[in-house]
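Written below as structure tokens is the structure these notes are about.
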Amino acid sequence: MKYDFTSIEQKWQKIWDQKKVYSVDLNDTGKKLYCLVMFLYPSGDKLHIGHWYNFAPTDTWARFHRLKGYNVFEPIGYDAFGLPAENYAIKTGVHPQDSTRKNITDIRSQLKKMGAMYDFDYEVDTSDPEYYKWTQWIFLELYKKGLAYRTNAPVNWCPKDQTVLANEQVVDGLCERCSTPVVRKAMTQWFFKITAYADKLLEGLDSIDWPERTKLMQRNWIGRSEGVEIVFKVENVEDTIKVFTTRPDTLFGATYVVLAPEHPLVQKVTKPAFKAAVDEYVELVAHENEIERTSTSKEKTGVPTGAFAINPINGEKIPIWIADYVLSTYGTGAVMAVPAHDERDFEFAQKYKLPIRIVVNPTDGNLVEPLKAAYVEEGVAVNSGHFNGLESPKVWDGIADELQKNGDATRKVNYRIRDWLLSRQRYWGAPIPIVHCDSCGEVPVPDKDLPVLLPYDVEFKPTGESPLARNDAFVNVACPKCGKPAKRDVDTMDTFVDSSWYFLRYLTPHLGTAAFDDKLVSRWLPVDKYVGGAEHAVMHLLYARFVIKALHDAGWVNFDEPFTSLVHQGIITNQGAKMSKSRGNVVNPDQFVNGYGADTFRMFLMFMGPYNEGGDWSDRGITGIFRFLNKIYDLYSSEEVPPIAGEKTPPSPSDAERTAYRKINQLIKKVTEDLEQFRFNTAIAALMEFVNDFTQLSSENEIGPGLRSLVLNRFNVLLAPFAPHLSEELHELRGGEVPVFSSSRWPEYDASAITEENVTLVVQVNGKVRAKLTVPIDSTDEAVKSLASTEPNVQRHLEGKTILKTIVVQNRLLNFVIK
RNA sequence: GCCGGGGUGGCGGAACUGGUAGACGCGAAGGACUUAAAAUCCUUUGGCCCCAAACGGGCCGUGCGGGUUCAAGUCCCGCCCUCGGCACCA
């Protein structure tokens with residue numbers, strides 16, 4: 001018989017669907033497993049190889065657990081709001097709602113062909129009012145807790161997309177979506193106070209099973225640093241300048257102070273003679289874009305203000321400069337410059353001939369002037385008054401304490417992370433549920449009036465103003481508080497708000513009375529295994545953690561980390577470049593599904609290499625998997641194949657039967673261990689190796705039907721997570737109860753049977769292999785030694801030499817060290 | 001510049017805790033079946049060399065250069081390349 005994958009796959013997809021094999025009883029009290037992939041972005045592209053690479057192996061992992069007896073919940077849904085759909089609409093005139101709906105329909109049918117365990121009754125669509133009603137509710141919950149606020153602040157503006165962006169969406173000064181240089185603009189915008197959770201977000205990382213590099217990225221992004229805020233008086237002016245430093249131990253080495261050009265005191269302190277130059281410089285810097293401003297390779301520039309600050313530790317008068325290398329958005333927007341011990345200050349001081357004073361020497365010697373580079377390590381204090389001779393950590397605390405006592409300093413922790421800017425001047429998103437009233441100010445829309453519906457009929461061409469502002473019917477509304485005419489907020493939310501809680505909604509996608517069902521959420525969350533791309537390390541994955549922590553503190557959920565365990569699949573590139581529509585190098589999976597079947601294709605993706613490494617796409621080798629499945633099909637559909645029910649361990653097995661039994665048990669162990677760790681490639685190699693060994697064994701020797709049946713039964717279950725359609729078919733062919741995923745259990749291996757009877761032992765002379773011996777396992781050192789020395793090739797190399805020592809590693813190797 | 005991951009045959013990749021490098025698959029070559037092809041099956045396949053030949057033996061070989069060890073793809077030191085992240089965060 002021929003392996004007719006098309007009809008087999010169609011047949012089983014239909015049966016699974018009709019019998020509702022994968023619909024989960026969420027109230028089942030058995031062991032639950034929530035297995036989640038990052039949901040889909042239906043912007044106009046169909047499913048591509050990258051999606052398959054994310055979803056299919058994850059489905060294999062989920063199926064494996066289902067066979068192990070877990071109650072597995074594996075949902076899928078659509079992250080349907082967002083810029084790409086809107087940009088597509090602008091280009092083609094097709095309304096984003098229409099294009100998105102159509103896309104979801106197409107993608108759903110592609111997904112069904114994949115044959116994953118998705119239960120399409122639990123789909124989520126973030127652009128559906130029944131979903132975004134609750135996105136708005138979450139916004140309001142955060143608002144009520146003071147975690148959402150609106151303020152005027154310098155923000156990142158993308159001139160092409162005509163909207164503001166979050167810090168996380170600016171990559172190297174470019175818009176993450178369209179690579180346009182981002183400009184800084186002061187605008188009134190909505191923020192989530194993620195900075196309030198900086199420490200909790202850091203601490204939580206210690207308790208979750210995530211890739212270390214992802215945790216590291218989050219730690220770096222949060223950027224916690226402990227330091228001291230020091231007050232410098234300004235000569236002849238009332239105001240003081242606060243600087244943040246992590247090196248108060250170098251305070252005696254401060255030879256000037258630098259303000260960011262945007263610092264509010266710049267105008268106040270500048271001396272009249274310097275005003276013209278300062279104004280000109282401030283103007284110049286204001287026109288620099290984000291890349292120019294933050295580039296480390298750019299030479300630092302600055303101008304003096306003519307004013308002087310007083311160093312609180314020694315009363316010394318030092319000049320105040322303004323310079324572009326000081327950022328207004330970090331710390332206090334002002335720094336004390338210690339050129340001898342800070343690279344940036346050193347570079348600046350050299351250029352502008354500012355004094356460089358050594359105040360820390362290495363413990364093993366003195367620095368030599370003039371310095372060639374800043375010495376940034378710790379050491380021993382010099383030129384530092386009564387702190388001289390003390391080691392840096394002591395000086396650090398000593399100076400901090402002394403200043404603190406005099407009210408000149410406070411210990412402080414600063415973070416690199418900024419609040420999450422969530423408002424967007426775009427159409428295709430969830431409206432922000434706030435009304436602006438002249439008498440009452442910001443008024444949250446009452447829960448009973450949610451959702452604030454996104455009107456269909458809107459001119460969405462970008463003008464820099466929110467498209468919703470042009471829709472009078474949307475904008476004009478009675479104030480929910482006083483009833484007077486008021487206006488709705490016209491911005492929409494960043495789609496990362498939508499995606500930071502969708503995993504709660506999956507359990508009850510159509511629930512009308514709440515965002516989620518507490519009982520189900522407390523039973524099923526957190527997500528046990530989350531699989532998705534590493535590119536979300538500091539965006540989605542950080543935002544979702546924040547939202548969950550906020551909901552936790554507000555009493556809505558009983559856990560504070562959403563994803564217990566995280567896996568990143570690697571990226572599949574094409575000719576070395578990331579697949580994207582604009583590069584025109586996207587590979588469509590349909591041709592492979594049609595040509596070889598979903599089972600072959602998913603298995604090929606898993607066989608390519610380590611799951612978290614991805615790699616460059618090539619279909620070379622897909623025939624190997626296809627041949628393998630054909631071989632299995634032949635093995636199971638031949639005439640003499642014993643039925644499922646005939647399984648039996650023979651009372652006195654032949655050698656071949658013992659070997660076959662050992663190998664199937666070794667295979668169970670290997671595949672089980674590999675699957676647990678997402679090592680699909682080596683698991684598949686082991687399956688292949690087994691089939692090779694087993695066919696050879698049974699062609700040369702007699703393997704009785706009882707054992708043959710046993711082996712085929714176990715093997716077919718091992719195959720099921722990888723090639724589920726084929727496995728069902730083979731099971732049915734041999735009279736088994738189907739579906740496999742309802743009737744079968746993952747086999748346990750027989751520990752007493754996996755040990756080899758003989759081992760191959762390497763005999764070395766001076767570390768070079770000279771012979772190989774097959775000996776019974778656990779042979780004694782003496783037995784092995786005497787056997788080894790009878791090997792002719794070994795004797796030849798030992799002849800006339802003295803054996804200095806003999807190293808024996810049991811069951812592995814023997815090495816004669818000679819002279 | 002800093003922080004991570006990686007570099008193994010013609011290709012994708014395997015290798016436990018330092019113990020047979022190259023599992024498994026692709027490709028290639030030769031053979032069987034066939035009128036022929038496809039499919040399938042069998043054999044060979046890291047490089048170089050010795051031997052009339054062997055299913056005999058030798059040398060070299062995991063990015064480069066050193067080191068530790070009886071033994072190094074694996075550990076240590078110094079580099080090179082590559083991918084990803086961060087990049088004036090005081």
Looking only at side-chain N and O atoms, does A:K300 come under 4.0 Å of OP1 or OP2 in B:C88? no
Under 4.0 Å, counting only non-hydrogen atoms across every strand here, what does A:N793 touch: a base, just sugar-phosphate, or nothing? sugar-phosphate
Can you tell me, in whole Å, how much space there is between the P of B:C60 and that of B:G4? 36 Å
Do any side-chain nitrogens or oxygens of A:R627 fall under 4.0 Å of OP1 or OP2 in B:C26? yes
Pick the P atom in B:G63 and in B:A15, then give their distance to the nearest Å. 16 Å
Just checking A:K215: base, sugar-phosphate only, or nothing, at a heavy-atom cut-off of under 4.0 Å? nothing
Is there a side-chain polar atom (N or O) of A:Y330 under 4.0 Å from OP1 or OP2 of B:A90? yes
Assign A:H797 to base, sugar-phosphate, or nothing according to its heavy-atom contacts below 4.0 angstrom with the strands shown. sugar-phosphate
Please state the C1' separation for the pair B:G13 and B:C24 - nearest whole angstrom. 9 Å
Pairwise 5' ranking along RNA chain B for A:D616 and A:N692, keeping only the more 5' one: A:D616
For A:Y415, what residues pass the side chain to side chain donor-acceptor pair (under 3.5 Å) criterion, not counting sequence neighbours? A:D199
Pick base, sugar-phosphate or nothing for A:N220, based on heavy-atom distances below 4.0 Å to the nucleic acid. nothing
Looking at residues at least two apart in the chain, or sitting in another chain, which of them share a side-chain contact (heavy atoms from CB on, under 4.5 Å) with A:A788? A:V763, A:L773, A:L814, A:F816
Across the strands shown, which category fits A:T623 at heavy-atom distances under 4.0 angstrom: base, sugar-phosphate, nothing? sugar-phosphate
What base-paired stems does RNA chain B take part in, with at least 3 consecutive Watson-Crick or G-U wobble pairs and both distances under 3.5 Å? B:1-7 with B:80-86, B:10-12 with B:24-26, B:27-32 with B:40-45, B:46-50 with B:56-60, B:63-67 with B:75-79
Between A:K669 and A:E673, does at least one N-O distance fall below 4.0 Å, as a salt bridge requires? yes
For A:L216, which contact category applies under a 4.0 Å heavy-atom criterion: base, sugar-phosphate, or nothing? sugar-phosphate
Using a heavy-atom cut-off of 4.0 Å across all strands, would you classify A:E613 as base, sugar-phosphate, or nothing? nothing
Is any side-chain N or O of A:R620 closer than 4.0 Å to OP1 or OP2 of B:G10? no
Would you mind telling me which of A:Q404, A:E229, A:E226 makes a side chain to side chain donor-acceptor pair (under 3.5 Å) with A:R411? A:Q404
Quick check for you: among B:A90, B:A23, B:C88, whose closest atom lies nearest to any side-chain atom of A:A685? B:A23
Once you apply a heavy-atom cut-off of 4.0 Å, does A:D345 come out as touching a base, just sugar-phosphate, or nothing? nothing
Counting the atoms with a prime plus P, OP1 and OP2 as sugar-phosphate, which does A:V335 contact under 4.0 Å by heavy atoms, base, sugar-phosphate, or nothing? base
Counting any heavy atom closer than 4.0 Å, what does A:S618 reach on the DNA or RNA strands: base, sugar-phosphate only, or nothing? nothing
Regarding A:N681, tell me which of base, sugar-phosphate or nothing describes its non-hydrogen contacts under 4.0 Å with the strands shown. sugar-phosphate
Have a look at A:R213 and say if it touches a base, only the backbone sugar-phosphate, or nothing, with a 4.0 Å heavy-atom cut-off. sugar-phosphate
Using a 4.0 Å heavy-atom cut-off across all strands, classify A:R679 as base, sugar-phosphate, or nothing. nothing
